[in-house]
K.L.:
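If you scroll down you'll find the structure; I have some questions about it.
When reading the values below, keep in mind they use all heavy atoms of this one structure, side chains included, and skip hydrogens, waters and symmetry mates. In this text the structure is predicted, and so the values were computed from the model without any measurement.
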Amino acid sequence: MIMPSKYLREDEALIGVSAALLPLVENNSSLTALWESAKKNNAVGSFERFILALDFLYLLGLVDLHNNKIVRVQG
């Protein structure tokens, strides 16, 4: 589910959803505001996939939470 395979397209895999989500994190936004922006993207699909992609980005060290705002980690 994380990586695309013969049976799972890139945009359906978690890494593809995370790639679609990462540009939306550019501005410091709350979870609700980020979801409102992300749910318009067909690659994100459901709130469950949105949260899994956000968790994946956090595990990779690409996003963090500061003062209840999701921010992109610079570095």
Side-chain angles (χ1 to χ4, degrees):
M1 177 164 160
I2 293 175
M3 299 295 288
S5 68
K6 181 178 177 180
Y7 305 103
L8 187 64
R9 294 190 337 246
E10 181 180 314
D11 62 333
E12 294 174 340
L14 193 55
I15 198 163
V17 177
S18 299
L21 186 61
L22 192 58
L24 301 176
V25 182
E26 290 299 326
N27 52 357
N28 300 344
S29 59
S30 66
L31 181 67
T32 306
L34 186 58
W35 167 241
E36 289 299 320
S37 298
K39 72 179 179 181
K40 298 170 189 165
N41 189 332
N42 290 336
V44 175
S46 67
F47 187 72
E48 179 183 2
R49 287 170 50 125
F50 168 73
I51 293 297
L52 287 172
L54 205 53
D55 287 344
F56 185 64
L57 290 172
Y58 178 77
L59 288 172
L60 291 176
L62 298 174
V63 298
D64 205 356
L65 185 67
H66 292 290
N67 299 325
N68 290 330
K69 302 284 185 185
I70 299 169
V71 296
R72 189 164 178 181
V73 174
Q74 303 297 324

K.L.:
For the side chain of Arg49 and the backbone of Val44, is there at least one donor-acceptor N/O pair under 3.5 Å apart?
P.N.:
yes
K.L.:
Using the ring pair (Phe, Tyr, Trp, His ring centres under 6.0 Å) criterion, which residues pair with Phe47? Sequence neighbours excluded.
P.N.:
Trp35, Phe50
K.L.:
Looking at every non-hydrogen atom in both residues, tell me the closest pair between Leu14 and Phe56 and how far apart they are.
P.N.:
CD2-CB, 4.2 Å
K.L.:
Looking at every non-hydrogen atom in both residues, tell me the closest pair between Ser29 and Leu34 and how far apart they are.
P.N.:
OG-CB, 3.8 Å
K.L.:
Which atom names give the shortest non-hydrogen contact between Val73 and Gly61, and what distance separates them?
P.N.:
CB-O, 3.5 Å
K.L.:
What is the minimum heavy-atom distance between Leu21 and Leu57, and which atoms define it?
P.N.:
CD2-CD1, 4.1 Å
K.L.:
Less than 4.5 Å apart, any side-chain heavy atom of Leu31 and any of Asn68?
P.N.:
no
K.L.:
Would you kindly confirm whether Leu24 and Leu22 end up in one hydrophobic cluster when ILVMFWY residues are joined by side chain heavy atoms under 4.5 Å apart?
P.N.:
yes
K.L.:
If we ignore hydrogens and angles and just use 3.5 Å, is the side chain of Asn41 paired with the main-chain N or O of Ala43 as donor and acceptor?
P.N.:
yes
K.L.:
What heavy-atom pair brings Pro23 and Ala20 nearest, and what distance separates the two atoms?
P.N.:
CD-O, 3.5 Å
K.L.:
Heavy atoms, side chains only, cut-off 4.5 Å: are Leu65 and Ile70 in contact?
P.N.:
yes
K.L.:
Could you grab the distance from atom OG of Ser30 to atom CG of Asn67, nearest 0.5 Å is fine?
P.N.:
13.0 Å
K.L.:
Hydrophobic clusters here meaning ILVMFWY residues chained together by side-chain heavy-atom distances under 4.5 Å, can you tell me if Leu62 and Leu54 are in one?
P.N.:
yes
K.L.:
Grab the two heavy atoms, one from Val71 and one from His66, that are nearest each other, plus how far apart they are.
P.N.:
CG2-CD2, 3.3 Å
